[in-house]
Chemist: 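Okay, here's the structure, questions in a sec.
Because the structure is a prediction, the values reported are computed rather than measured. Quick note on labels: first sequence line is chain A, next is B, and so on, each numbered from 1.
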Amino acid sequence: MTDNRKYDPKSIEGKWRARWDETGLYRSKVDWSKPKHYALTMLPYPSGDLHIGHWFAMTPSDARARFMRMKGFNVLFPMGFDAFGLPAENAAIQRNIHPMKWTYANMDRMRGQLRSMGAMFDWEREMVSCDPIYYKWTEWFFKQFYEGGLAYRGEALVNWSPTLQTVLANEQVIDGKDERTGQPVVQKLMTQWFFRYTRYAEEMLDFSRIDWPEPIRVMETNWIGKSEGARVTFHVALTPDPSPTGRGEEKGEPFEIYTTRPDTLWGVSFMVLAPEHPLVEKITTQKQQKAIREYVEKTARMTEIDRTAEGKEKTGVWTGAYAINPVNGAKVPIWIADYVMISYGTGAIMAVPSGDQRDFEFARKFGLEIIPVIQPEGEHFDGATMVEAYDGAGFMINSGDFNGHFSNGEKGRKNPAISAVLDWLAEKGYGKEFVNYRLRDWLISRQRYWGSPIPIIHKADGTMETVPDDQLPVELPADVEFLPTGRSPLTYHEPFLNTVDSSGQPARRETDTMDTFMCSSWYWYRYLSPKYEKGPFDPEEAAYWLPVDTYTGGAEHATMHLLYSRWFARAMRDLGMFDETMKIMEQHGRDPEVLKLGEPMLQLRNQGQVLGEERAGHFIVATGTWQAAKLFADSVTVINPADAPANSAGVVGEIIKRTENILTVDIGGGETRTVEVQPEATVTIPGIEGVARADQLKHHLEIQRMSKSKGNVINPDILVEKYGSDTVRAYLMFGFDWAKGGPWNSQQISGVVRWINDVWDLVTNTTPAAQGNPAVERDVERKVHQTIHEVTDDLENFTFNGGIAALMKLRNELRELLKTGGVGAESWRGAVRDMLLMMAPFTPHIAEELWAQQGHPYSIHQQNWPVYDAAKAAEDEVTLVVQVNGKVRERIMVPATIEEARATELALANEAVQKWLADGAPKKIIFIPGRNGQEPKLNLVV
RNA sequence: GGGGAAGUGGCGGAAUUGGCAUACGCGCAUGACUUAGGAUCAUGUGGUUUACACCUUGCGGGUUCGAGUCCCGCCUUCCCCA
């Protein structure tokens, strides 16, 4: 007896989502009687449409959050929008839509798409970063940092994007190009707002108390780039040329250099200043002025990547001046060269060609002296004949009193030679130990409109003051006009610009806005109380929910968003923003230590990226007339590659690329041909009636990032329409290694479709036996508990594919057992119950529907996670794997409790085993008892 | 150039501490049902071999009773940094 009710996602998914909303199922409220779990997943930018990548990131995160909830945690899983940023402004300029209108329309659309995921987002906690009730607090944070000495306005060489008409943070520049548009970025000296990022550099190197992935920790550590060394003061020599290496010159202006190898100070044969170094202008001699000026100008046009590229030919110009080396009074020429950056260290280096390969190449090219100062045992270095720099371990030579000291090649105090020199430098007053970080201060101002205003007023006298708290937020004016000047409309919006200072005098507002990373550095605090008016967050909520327990998102945010967030949490801590929260925590008996840590997220997990699907291009036979190397085709026919003609006057092969009517065809053997399809050409494609068009020819699609221009975008809305939300969720979790991602495959989703249909049938269209068989029912129970074990582990460890695989396996097993006919109603109902509970995190709609059909009380998502019972999962009989010399030779069914003596006895008596033992007893016997669900093994060594 | 991650069937991918490699799924093959099949069901499916058996986790070594997993040396791909 079966009925024909069929699984129809459309009829159940919307219904249950509405019910969940009505009943406030996902409202999360502070409840000190329950343990909390703050699950956070990265929020989207409202670009217009939800991408499959959002589904890939968010739905497994949702499954994990749901699992934690069923495990008994009070779970907060919020969602919002990172809504400030350039795309909105570009849309405004290109399409004449106000950024606010564009952004809000997109958010409306995306909320619907987000809801279709069936995630347990608590929408009442939604935050939108471009909403004044949010950015009021972004501005407030800026003020706090400014007043707390963590923000300053300063002149610096910054990355200017001519394309975007704004400056960018270092983190937003990749290979000298803007990371969003890939357009070149130039260096420009400008007055900008900075946060003291390096303040917490040292603290941010410590990951010992958080569970973050190793690659992220490595990336952040490299990005912070701690190096230990010394700052040493050199002086410009007052006496000019010509005495080349004279001693005891009169000392002129001092300048500092930074070096990680103070033990090589005696090997300095020239100095190099960054072309932008302020000293350059002062010390350049008359004769060298022209060459220096030209070089400085040329360098200004280069990107940092060009300047420091490894294989690049070394360039530089002598300033005509000399410096005096404090350690030995040596007089060495001062050069400028583009490989020295003004922004790193002091913008000046000492060059030790015998110990640094770049200095070495530079010295060789310009005929500068090379003085070996570190020499390994048994070697004899001669500056004139050395072929490359030596930076390994060795003994100091040519170094005055330090000759004979051993330098072990390490950096910092771990090197005895460096340690000795550091002490000596300090004692003599020549220099001091110094820790340098590659990390530079965080540039937060942007010359754009669509961002949070910086609450600063420029007074008539040139000084600045902050906007009083009661006047926050400084709101973005709505009536702006986007002129194609490239300038932010704030700079010519008079009502915005003109204001008064605290003494009532006319003043002007700051027109720069904040980097959107500023908005996204604190958003999870706002989720706690998105409408709270007395502060950025309500301490009562914060005391319960903070910090974030699990954060999920892409690894590409390592050196930007994630590092900014860690800085922000520390700044907030040190400015006392958590003081009240910590007090409340204590009142509830919770240790506030976890906030003193300064870490915003205790656990981080990264998902990979879903890439475009690989697709073969059409295989064609094209004929026409050849002109030069190009075929002008008047006939193109798509054929099966197997039917390819052996000889053809035209072109035969797979279409690799198609631009309009120009085809690039792979004719095999690594060769390609260009075919231009004539407008009147006959194009034949099987499956397309009559004459097809050239633009219907499909080209080969490689595995690469999805993008509209490549035509390999997978639209989740279409998938949901076709398969239902549960299937899309389950496929994304099943078909990939979540941490890795990979290319989309449109065929493999059918396995998930079958699984869900089978589950539907198992629950709605099957009838258990009237009379149960205890042995079969014991099997059912065993399989269920084995599955509980696996699914629990997999959800715990974010290995979603394994969890679904285990559930699919359970489907296979239950189907099999049902067929044997020994499963009674009670047993069946229990098995189905547990299976549905385990499916609930992955496929929340069908689980809820079938739960209700089974007559269980609403809602499945409020039930407890099934408890694994090892005794119930245990097998009675297991396979004893018998190996001879490590090779599996026989499998014997034995009781699960088998011990070594009995196992050996059975194995030795076994005919197949005996054959492999030849004659004679085994030399050695290794028995591995069955454990953790594994079979016992016996290895006989002969 | 430096750092990191990875390499397992035709494909996506499994494999707690070293313990039956290839779970689960796709695809494919054969059969059944069917007017039909891109539905469903059944069976099979790493390679070589008639078979016994042998080989197999990028390549080459090593440790071990036993290695996808640990160690050493290479190769390739991806990511980050220069």
Chemist: Can you measure I216(A) atom CD1 to C81(B) atom P for me and round it to whole angstrom units?
Modeler: 12 Å

Chemist: Tell me whether the OP1 or OP2 atom of G1(B) has a side-chain N or O from R358(A) closer than 4.0 Å.
Modeler: no

Chemist: Heavy-atom count around E796(A) CD within 6.0 Å, excluding the residue itself: above 12?
Modeler: yes

Chemist: Produce the list of close N/O pairs, under 3.5 Å, pairing protein atoms with atoms of nucleotides 65-69 of chain B; give distances to one decimal.
Modeler:
| unit_1 | atom_1 | unit_2 | atom_2 | d |
| --- | --- | --- | --- | --- |
| C65(B) | OP1 | K924(A) | NZ | 3.4 |
| C65(B) | O2' | N939(A) | ND2 | 3.2 |
| C65(B) | O2 | N939(A) | ND2 | 2.6 |

Chemist: For I804(A) and T879(A), take the nucleotide of RNA chain B holding the closest heavy atom to each; which residue's nucleotide lies nearer the 5' end?
Modeler: T879(A)

Chemist: Please list all pairs meeting salt bridge (Lys or Arg N to Asp or Glu O under 4.0 Å) that have one or both residues in residues 552-563 of chain A, counting only residues at least two apart or in different chains.
Modeler: none

Chemist: From C24(B), C54(B), C41(B), pick the nucleotide closest to the side chain of R889(A)?
Modeler: C54(B)

Chemist: Taking OP1 and OP2 of G2(B), is either one under 4.0 Å from a side-chain nitrogen or oxygen of R438(A)?
Modeler: no

Chemist: Does this structure show an ion pair linking D876(A) with R782(A), if we count only N-O contacts that are shorter than 4.0 Å?
Modeler: yes

Chemist: Mind checking the P distance from A14(B) to U76(B)? Whole angstroms is fine.
Modeler: 26 Å

Chemist: What interatomic distance, in whole Å, is found between P of G12(B) and the corresponding atom of U17(B)?
Modeler: 25 Å

Chemist: Please tell me which of A805(A) and D758(A) maps to the more 5' nucleotide of RNA chain B, matching each residue to the nucleotide holding its nearest heavy atom.
Modeler: A805(A)

Chemist: Taking the six-membered ring of W212(A) as reference, does the cationic atom of R605(A) (NZ for Lys, CZ for Arg) lie under 6.0 Å from its centre and within 45° of its axis?
Modeler: no

Chemist: Distance check, C1' atoms only: G2(B) and C55(B), in whole angstrom units.
Modeler: 40 Å

Chemist: Write down the distance between CE (M219(A)) and C1' (G2(B)), rounded to a whole number of angstrom.
Modeler: 15 Å

Chemist: Enumerate donor-acceptor pairs with a distance under 3.5 Å from any side-chain N or O in residues 808-817 of chain A to protein atoms, sequence neighbours excluded.
Modeler:
| unit_1 | atom_1 | unit_2 | atom_2 | d |
| --- | --- | --- | --- | --- |
| R811(A) | NE | M808(A) | O | 3.2 |
| R811(A) | NH1 | D758(A) | OD2 | 2.8 |

Chemist: Where along residues 897-908 of chain A does a heavy atom come under 4.0 Å from RNA chain B, residue by residue in number order?
Modeler: none

Chemist: Scan side-chain atoms only and decide if S208(A) and D206(A) contain a donor-acceptor pair under the 3.5 Å cut-off.
Modeler: yes

Chemist: Got a sec, which residues hit side chain to side chain donor-acceptor pair (under 3.5 Å) with N939(A), two or more places apart in sequence or on another chain?
Modeler: none

Chemist: Using the salt bridge (Lys or Arg N to Asp or Glu O under 4.0 Å) criterion, which residues pair with R902(A)? Sequence neighbours excluded.
Modeler: E905(A)

Chemist: Look at atom NZ of K365(A) and say whether more than 12 heavy atoms of other residues, nucleotides or ligands are closer to it than 6.0 Å.
Modeler: yes

Chemist: What are the two closest non-hydrogen atoms of S227(A) and T260(A), and how far apart are they?
Modeler: OG-CG2, 3.8 Å

Chemist: How close do A389(A) and P353(A) get, counting heavy atoms only, and between which atoms?
Modeler: CB-O, 3.5 Å

Chemist: Tell me the stems RNA chain B sits in, counting at least three consecutive Watson-Crick or G-U wobble pairs, each under 3.5 Å on both distances.
Modeler: B:1-7 with B:75-81, B:10-12 with B:24-26, B:27-32 with B:40-45, B:46-48 with B:53-55, B:58-62 with B:70-74

Chemist: Provide the distance between the two C1' atoms, one in G66(B) and one in G58(B), to the nearest whole Å.
Modeler: 23 Å

Chemist: Can you tell me how far P of A39(B) sits from OH of Y723(A), to the nearest Å?
Modeler: 12 Å

Chemist: Closer than 4.0 Å, any side-chain N/O of K6(A) to the OP1 or OP2 of U40(B)?
Modeler: no

Chemist: Less than 4.0 angstrom from a charged side-chain N to a carboxylate O is my criterion; do K414(A) and E228(A) meet it?
Modeler: no

Chemist: Aromatic contact between W223(A) and Y437(A), with the criterion being ring centroids under 6.0 Å apart: yes or no?
Modeler: no

Chemist: Could you check how far CH2 of W744(A) sits from P of G13(B), rounded to whole Å?
Modeler: 13 Å

Chemist: For the residue pair D338(A) / T315(A), report whether a side-chain donor-acceptor contact shorter than 3.5 Å exists.
Modeler: yes

Chemist: What integer number of Å spans the P atoms of U48(B) and A39(B)?
Modeler: 29 Å

Chemist: What integer distance in Å separates N222(A):CG from G1(B):C1'?
Modeler: 14 Å

Chemist: Contact list please: residues 732-741 of chain A against RNA chain B, heavy atoms, distance less than 4.0 Å, in numerical order.
Modeler: F734(A), G735(A), D737(A), K740(A), G741(A)

Chemist: With sequence neighbours excluded, what pairs up with K411(A) under the salt bridge (Lys or Arg N to Asp or Glu O under 4.0 Å) test?
Modeler: none

Chemist: Mind checking the C1' distance from G27(B) to U22(B)? Whole angstroms is fine.
Modeler: 16 Å

Chemist: Quickly work out the L562(A) CG to C79(B) P distance and round it to whole Å.
Modeler: 19 Å

Chemist: Does either side chain, that of Y731(A) or that of D726(A), offer a donor lying less than 3.5 Å from an acceptor on the other one?
Modeler: no

Chemist: Could you measure between the two C1' atoms, the one in C65(B) and the one in C59(B), and give it in whole Å?
Modeler: 26 Å

Chemist: Should N812(A) be listed as having a side-chain N or O under 4.0 Å from OP1 or OP2 of G25(B)?
Modeler: yes

Chemist: Could you check how far CG of D761(A) sits from C1' of U40(B), rounded to whole Å?
Modeler: 10 Å

Chemist: Between C41(B) and U77(B), how far is it from one P atom to the other, in whole Å?
Modeler: 43 Å

Chemist: Let me have a per-nucleotide readout for nucleotides 26-32 of chain B, 5' to 3', with B, S or -, counting only protein heavy atoms under 4.0 Å.
Modeler: BS-----

Chemist: Determine which pairs satisfy ring-ring contact (aromatic ring centres under 6.0 Å, His included) with at least one residue from residues 791-820 of chain A, sequence neighbours left out, and list them in order.
Modeler: W738(A)-F800(A)

Chemist: Does N801(A) have a side-chain nitrogen or oxygen under 4.0 Å from the phosphate oxygens OP1 or OP2 of C24(B)?
Modeler: no

Chemist: Would you please name every residue forming a side chain to side chain donor-acceptor pair (under 3.5 Å) with K226(A), sequence neighbours left out?
Modeler: E202(A)

Chemist: Mind calculating the distance between CZ (F800(A)) and C1' (G13(B)) to the nearest angstrom?
Modeler: 16 Å

Chemist: Can you tell which of A23(B), U16(B), G25(B) lies closest to the side chain of K809(A)?
Modeler: A23(B)

